[in-house]
Amino acid sequence: MTQNETDISYQIVDPSSDDNIKKEEKNQYEDILKDYFQTDVNLVKLYSEWSKADENFCKIAKDYQGVRMLRQDPVENLFSFICSSNNNIQRISGMIEKLCDTYGTHLLRHEEVSHYNFPTIEALADREVEAKLRVLGFGYRAKFIQQSAAKIVENGGREWLLNLRTLPYNEAKTALMTLPGIGAKVADCICLMSLNHACAIPVDTHVFQIAKSTYMPHLKATKSVTDRGYNEISTFFQNLYGPYAGWAHSVLFSADLRHLKVQVDNKRSSSQSSQDEKPSRAKQKKTRVKSQ
DNA sequence: GGCCGACCTGTGAG
DNA sequence: ACTCACAGGTCGG
């Protein structure tokens with residue numbers, strides 16, 4: 001997928017199918033994408049409401065339009081965020097890739113690279129998973145992944161997880177927190193990004209800094225996020241932004257991340273950053289475009 | 001109930 | 001070369 005100012009383009013790579021995409025097939029892909037991007041949520045209207053409620057948001061929003069929560073698959077989302085604890089994004093991405101390559105099923109080979117889907121809960125529940133993930137560099141998260149998978153299977157597997165979409169936010173969050181490796185923050189990420197609980201506010205180190213510096217100066221003395229601080233910050237943003245507070249919070253979050261990214265890019269050599277973009281460009285040219 | 005240190009690993013700063 | 005802090009936290013004491 002690529003985007004410019006006005007459009008998002010997508011390409012389908014499917015060796016088992018011919019080049020002539022059928023109309024129904026095209027609609028089916030677009031339905032998947034519309035669901036993933038939750039295009040039925042009117043973001044313009046929400047931005048306007050949040051801007052009215054919060055001067056700081058209003059200031060930031062101009063440069064960060066169209067920040068939209070994805071509706072991710074809960075299984076993928078849950079195990080990915082178990083990997084995220086006390087960790088950096090680069091290593092998290094690598095770990096998720098390893099999960100797929102090791103326990104996923106093969107999808108296709110494209111441009112001399114094999115691609116695998118995300119593993120099933122059952123595959124991750126196997127007893128030998130912990131030891132293997134340790135070897136692959138998952139650290140203490142290896143045990144969390146295997147144990148959470150086993151416990152979810154016990155509870156009813158994927159169906160149990162999907163059912164959390166139908167429960168009230170607080171009940172879904174509490175249920176998630178019974179799983180090893182899932183605390184308040186990770187549970188909120190899962191609620192917000194894959195369980196339709198748009199009011200959830202994950203308070204990570206970045207959100208904590210934002211809250212301290214801009215919204216809740218009385219927290220400046222506190223060094224780390226305590227349970228009490230977590231709930232205080234969470235509640236504050238929910239009251240400020242309303243039922244889609246989690247979406248609003250992610251706008252602030254992206255603005256904060258951009259700030260970090262720019263610093264990182266400046267410190268890198270220019271050859272490094274231009275190399276980062278080459279693979280995706282080369283890939284696009286050779287990819288068989290079935291629909292755009 | 002709330003606070004604190006340990007925890008795997010990798011990386012950049014000092 | 002070599003610590004040390006920190007990264008989209010969680011857990012047990």
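Chain naming here is simple, since letters A, B, ... match the order of the sequence lines and numbering starts at 1 in each.
Of the N and O atoms on the side chains of A/T166 and A/N163, at least one donor lies less than 3.5 Å from an acceptor on the other residue.
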Nucleotide-resolved protein contact map, nucleotides 2-8 of chain B, B/S/- at heavy-atom distance under 4.0 Å: -S---BB

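Here B/dT11 presents its C1' atom at 14 Å from CD1 of A/I89, a figure rounded to the nearest Å. At whole-Å resolution of the value, NE2 in A/H249 and P in C/dG8 are 13 Å apart. As a whole-Å value, the separation of A/D188 CG from C/dT10 P is 9 Å. Per the geometry, CD1 belonging to A/I92 stands 14 Å off C1' belonging to C/dT10, to the nearest Å. The distance from atom CG of A/L176 to atom P of C/dC11 is 12 Å, rounded to the nearest whole Å. As rounded to whole Å, 19 Å separates atom P of B/dG1 from atom OH of A/Y230.
Looking at heavy-atom distances under 4.0 Å, A/M193 makes contact with a base. At the heavy-atom level, A/A142 lies nowhere under 4.0 Å from the strands shown. Among the heavy atoms of the strands, none lies under 4.0 Å from A/P202. Within the nucleic acid shown, A/L179 comes within 4.0 Å of sugar-phosphate atoms alone, with no base atom in reach, counting heavy atoms only. Across all strands, A/I182 comes closer than 4.0 Å only to sugar-phosphate atoms, never to a base (heavy-atom distances).
The ring of A/Y103 has its center no closer than 6.0 angstrom to the ring center of A/Y116. For A/Y215 and A/F237, the ring centers are positioned less than 6.0 Å apart. Residues A/H206 and A/F253 place their aromatic rings such that the two centres sit under 6.0 Å apart.
Residue whose closest nucleotide on DNA chain C sits further toward the 5' end, between A/A187 and A/N88: A/N88.
Heavy-atom contacts from other residues, nucleotides or ligands closer than 6.0 Å to OH of A/Y140 number more than 12. Dense packing is recorded around CG of A/D101, with more than 12 heavy atoms of other residues, nucleotides or ligands lying under 6.0 Å away.
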Dot-bracket notation for DNA chain B, counting Watson-Crick and G-U pairs under 3.5 Å, with | for partners on another strand: ..|||||.||||||

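Comparing the P positions of B/dA6 and C/dC4 gives an interatomic distance of 14 Å, to the nearest angstrom. Across C/dG8 and B/dA13, the matching P atoms stand 15 Å from one another, rounded to whole Å. Comparing C/dA7 with B/dC3, their C1' atoms sit 22 Å apart, to the nearest whole Å. Distance noted for atom P between B/dC8 and C/dG13: 15 Å (whole Å). Rounded to the nearest Å, the gap between the P atom of C/dA1 and that of B/dT9 is 23 Å.
A salt bridge is absent between A/D40 and A/K34: the closest approach of a Lys/Arg side-chain nitrogen to an acidic carboxylate oxygen does not fall below 4.0 angstrom.
Side-chain N or O atoms of A/S114 include none that pairs as donor or acceptor with a backbone N or O of A/R109 at under 3.5 Å.
Taking the six-membered ring where the residue is Trp, A/H115 and A/H110 present tilted rings, their angle falling between 30° and 60°.
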